[in-house]
Amino acid sequence: MTNPKKMNMIEAVNAALHAACEADANVLVLGEDVADREEGGVVGVTRGLSTKFGDDRVKSTPISEQAIMGAAIGASLIGFRPVAEIMLMNFVTVAMDMITNHAAKLRFMSGGQTSVPIVIRTMTGSGFSQGGQHSDFLEAWFAHTPGIKVVMPSNPSDAYGLLLSAIRDDDPVMFVEPMALYWTPGEVDFQPVPLGKARIVQEGADVTIISYSIGAVHSAAAAVELAKEGIAAEVIDLRTVSPWDRETVLASVKKTGRAVVVHEAVKEYGVGAEISSVIHEQLWSDLKGPVQRVGGAYSPVPFAKPLEQAFAPNAASIVAAVRAALA
Amino acid sequence: MTNPKKMNMIEAVNAALHAACEADANVLVLGEDVADREEGGVVGVTRGLSTKFGDDRVKSTPISEQAIMGAAIGASLIGFRPVAEIMLMNFVTVAMDMITNHAAKLRFMSGGQTSVPIVIRTMTGSGFSQGGQHSDFLEAWFAHTPGIKVVMPSNPSDAYGLLLSAIRDDDPVMFVEPMALYWTPGEVDFQPVPLGKARIVQEGADVTIISYSIGAVHSAAAAVELAKEGIAAEVIDLRTVSPWDRETVLASVKKTGRAVVVHEAVKEYGVGAEISSVIHEQLWSDLKGPVQRVGGAYSPVPFAKPLEQAFAPNAASIVAAVRAALA
Amino acid sequence: MSNYPKPDAATLLAMYKSAALIRLNDERVIKEMTAGRLMMPFYSTQGQEIIPSAVAANLTDEDYICTIYRGTHDMLAKGFPLEALWGELAGRVNGSCKGKGGPMHLTYPQKGMMVTTGIVGSSMPIAVGLGWGAKLKGKGQVSVANFGDGAANIGAFHESLNLAALWDLPVIFLCQNNRYAEHTSFANSTRVKNISMRAAGYGMEGVTVNGNDPDEIYGAVRIAVERARAGDGPTLIEAMTFRFNGHLVGDAAGYIPRDELADCREKDPVPALRTRLIADGIANEADLAGIEAEIKAAIETAVAAGYAGALPDIAELKRDVFAYELA
Amino acid sequence: MSNYPKPDAATLLAMYKSAALIRLNDERVIKEMTAGRLMMPFYSTQGQEIIPSAVAANLTDEDYICTIYRGTHDMLAKGFPLEALWGELAGRVNGSCKGKGGPMHLTYPQKGMMVTTGIVGSSMPIAVGLGWGAKLKGKGQVSVANFGDGAANIGAFHESLNLAALWDLPVIFLCQNNRYAEHTSFANSTRVKNISMRAAGYGMEGVTVNGNDPDEIYGAVRIAVERARAGDGPTLIEAMTFRFNGHLVGDAAGYIPRDELADCREKDPVPALRTRLIADGIANEADLAGIEAEIKAAIETAVAAGYAGALPDIAELKRDVFAYELA
Ligand SMILES: Cc1ncc(C[n+]2csc(CCOP(=O)(O)OP(=O)(O)O)c2C)c(N)n1
Ligand SMILES: Cc1ncc(C[n+]2csc(CCOP(=O)(O)OP(=O)(O)O)c2C)c(N)n1
Ligand SMILES: [Mg+2]
Ligand SMILES: [Mg+2]
């Protein structure tokens, strides 16, 4: 697969999984309903894998997230590279011990004797009227956990390239797929995308908007609005939230002197707080004003449409934050 | 119990639990080894409660944190006020679903029809050579979770007063007890301490040091060092991390123009990031320099003494951060 | 099961009314969704109506139930008001949860409907807590945890059954075994032939019955309720049944063999009960037609009333996060 | 059990050597702690020596084990090098984990010691993963999960046994039932008389044996290992035993009836095996005295070598968090 192709993120992730399994016989896939007997996943992300690579390497599991993560961790300790699916991000809560006390720590606690090269794929996001237990973005928990990386693509091409790199990476990676972008088509060039490297979505001299995942899409839309007002926003898609690309972000803010950080996760104690703090610490004298943050409301994700829409950031709320940053 | 008495935090928490059970027959206590048949807890924090208030209200449990939290949540839905112990904070990882998807969200998701007035008591902290899975401060996870409060006392008197308030509070509270301060005696006046109100440990005009739990103790020690250099630090003990006392903190930093936030939890994506961000957002023109943060290293808590000591903040690292803030 | 207590004529008629209400309401919901007037994940309960009808026939409004996303049948059987249901589905303020919970979090404490969860397995630990509270209140109340066959393989099941048995709690663990967990068949989720045999591993009574047979399920629940009220502890009931409409609306259930589907639909328990009522002379065609007409009318009224409710004000995002309204 | 394969003379002698090493080493560790030269939480394994000795007699270096904080016996039996052990206890760079893991996280992959966990229950899901990997490798390797009686009541147990049975994995779940979980007796943690009966709930073989009887435990493990190597799936072995020194060093175990303690100490399995070796003419007093002298000498050498190692450099905090060193 080399010539670029238009596809959506589901297809891109599926293609990356196929490529990874093809390239390395140690790559395994497990999770609820992931095999073709179960239709290759509830939305078909893993479709075709078990048929192509066999039921030994691609396994559907009972509803047992602790066992799913344990199976992935154990196999990874002896040379395999399991890609484990936790269907929705809220369900990491029943497997947190395996992820944070074990996957993230075994390399360190063993003094480097063992390592856990696993990828935890999960999807999430509001906008589907799924309410309080099926919509949360919890990346901040894992960014606060030393030893695990957090990768959050915003488009099919990055999803493909980042997933390839995550699977090849020798450490555990939490790979968060934004449901709201699953069906948005994009050009995929089938190239690996390095972890820890941000992408400048659009250049601009007036303000830097730093985001990732669905937030990066809203930020790009906001930039279009801002352009109409003559405001040139530089939009940065972090792609990897931990470790994040400080060089790219700091270089941009040094240039613009103003920054806004955007994510759908609850604003308080979210990823934006860390990025805002570092920018203030590193670029104090270059800043023309305080870094602004845009994030989800301090509440569980509500069901009713008007509330669900008010909960999450959008182009308008980002534009408002940029105006505040420029004020 | 009205006249002040000298006691350590274990005794203070024990006294508060006795007082709460005495005052309200709906207060329940559960957790591993909490009853007197099991010696009232591994360090005796719950000693005497089951003997005094009965084995129905004070129950030792099997090692089943999900069931412990579920038992507390269920009973709280019908009028009880359970105080559930999760022995060490790292073990919240096996009960995260109950805590974050349920305890924190049921009031909101039910449109206010139900509420979960529980207190989750847990202890943690480095310094006991317990290594990577028994030492973590994870308060940032819960501060990022709407619907649950986070209380973190730094001395016996606050532990007593905050625990009383937490038990009387109509919402779930994560109550984090710092092991390193368990055996430090202090004067206890047996008065309730309101949630959400910080305490100014020491006044000062040059810089504000904001902390809580063990960090507040190190900060006070740092202030003594700084005083010798003629630097007057104002030390604020947040006591409640979520919701935190913005008024007190912002008023202080408005006065000093400089701030340092301190906690033992890993610095990256920690509580300090939120506080730093808000200070920059709210007091931009009053700040003389960027807010500095002091926190745990970005690594699991190591076993070897020199590493364990290097992992956590101490008076010296806080003094260094203050110097940076003043530079 | 031959020696089980049997439902009398009045009870059978009441069970049919309940089952008919559940079926007709479920069809009505799907009609609204197909028409695009309701947007939400909806987990049809068609095929499982007899189970909750038999449960409700043995409970009072003082008894508690916890159920799951697939729970409208459990709710309606226990007397969930139709308008409060439709208001919630429509995301309106007249919904039981003011539109904030939605279909996955239906709650109605006045009649003991304490929790509806979207997390597999999580109805059990909370039901254990309700059982603990019921035991403490000493009024003979019972707590019922509804869950599916897939949920029987998650950790919460294990911890909940062990604790309920150890504490002799008045809890009924009702496994509605509809043969599938999302796309995974029961046979592909565990090696055992039935879930009820696991009860022995906790020193608990366990039984597997045909959940679609009014006599069997009524008798099994009655015995379990009597055991609970007598203070003789919990029971695990596995009620064999089938879901007619796939996992959620939109799922064509291609993973279910067509003949299995056809066979189950042919054994549709609702018309079967209807036929029996007539055969046994408990009611005649006219009686039942009248009852069904009444139910339909009541549903239509509720549908209209549901949509008639106002959409929640954005301020609701700040309410019910905590007991007080957020600033 | 009468038909169990019995250990031959050489095996019995090897088991005694292992048991003596474990006992003498454990006593030596406690001596260092009492002298204040070692500071750490230490979970003595005295009284449980026969179990791991019987396990190791049935395994090769290619087989995997996961154990818990109370795991030095499992480690030593499987060949954990003494110096690497003492270096780790002393927190020195010559420890197997460079001093970063400590007693609760001993690891030595060269001999299949993949994980030592401090989280109750967590050895099981990871051992399942090792078993999955072993099955994929197809070399007949076995994975052993060691855990305690208290761990049998946590969710991870349930999910792990179900998945291992469903996938026919070469895993042995070895419950070392020492009658207590911290301060809680087995009888107060569950209603069932033994844990092995739970195996039936997963369609797995399960057996309870006297873990202090060399024949019984050897035979049970041998059968389980043969089953696993033959591809016939997992086994749950409950080995009844007793911990002589309370939960951890410093615990006077006041919650254990004195006569129970006395009775168990009187049945001390290590001297019992020694006596038997002589009675059966497998070895004479002089042989055994010689063996013990050798072991003591080896331990002394290791103690000295352990302390002789260098303390880790602070830079180690930046190593082994990820594959690369942190900046
Ligand atoms: C912890 C967790 N894991 C996965 C899911 C996704 N999920 C929702 S329903 C479901 C199947 C549950 O099947 P079962 O327990 O049999 O109940 P049923 O839907 O058949 O009524 C799954 C896997 C979830 N909600 N929670
Ligand atoms: C999830 C979790 N909960 C609680 C603890 C605290 N804890 C450490 S050991 C222990 C008792 C375990 O008993 P058992 O499983 O019988 O093993 P043993 O110590 O007797 O060998 C407990 C409760 C823990 N480490 N992990
Ligand atoms: Mg099902
Ligand atoms: Mg034990």
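All values derive from a computational prediction rather than experimental measurement. Every chain is numbered from 1, with letters handed out A, B, ... down the list of sequences.
Using a 4.5 Å cut-off between heavy atoms, A:A297 contacts chain C through its side chain alone, with no backbone atom that close. Only the side chain of A:F91 has a heavy atom closer than 4.5 Å to any heavy atom of chain C. For C:D313, the part lying near chain A is the backbone, with the side chain staying farther off; criterion is any non-hydrogen pair under 4.5 Å. No part of C:S122 comes within reach of chain A, as not one of its non-hydrogen atoms sits under 4.5 angstrom from that chain. Heavy atoms of C:M40 lying under 4.5 Å from chain A belong to its backbone as well as its side chain.
With values rounded to the nearest 0.5 angstrom, A:T61 atom OG1 is found 11.5 Å from C:N188 atom CG. In this structure, CZ on A:F303 lies 16.0 Å from NZ on C:K98, to the nearest 0.5 angstrom. Taking NE2 from C:H183 and CZ from A:R37, the interatomic distance works out to 13.0 Å, rounded to the nearest 0.5 Å. Note: A:S129 OG to C:L89 CG = 11.5 Å, rounded to the nearest 0.5 Å. For the atom pair CD of A:E65 and CD1 of C:I154, the computed distance is 4.5 Å after rounding to the nearest 0.5 Å. The CG atom of C:N153 sits 5.5 Å away from the OG atom of A:S64 when rounded to the nearest 0.5 Å.
In the model, C:T184 has a side-chain atom that pairs as donor or acceptor with a side-chain atom of A:D33 under 3.5 Å.
When A:Q309, A:Q130, A:E32 are compared by the number of non-hydrogen pairs under 4.5 Å with chain C, A:Q130 comes out ahead.
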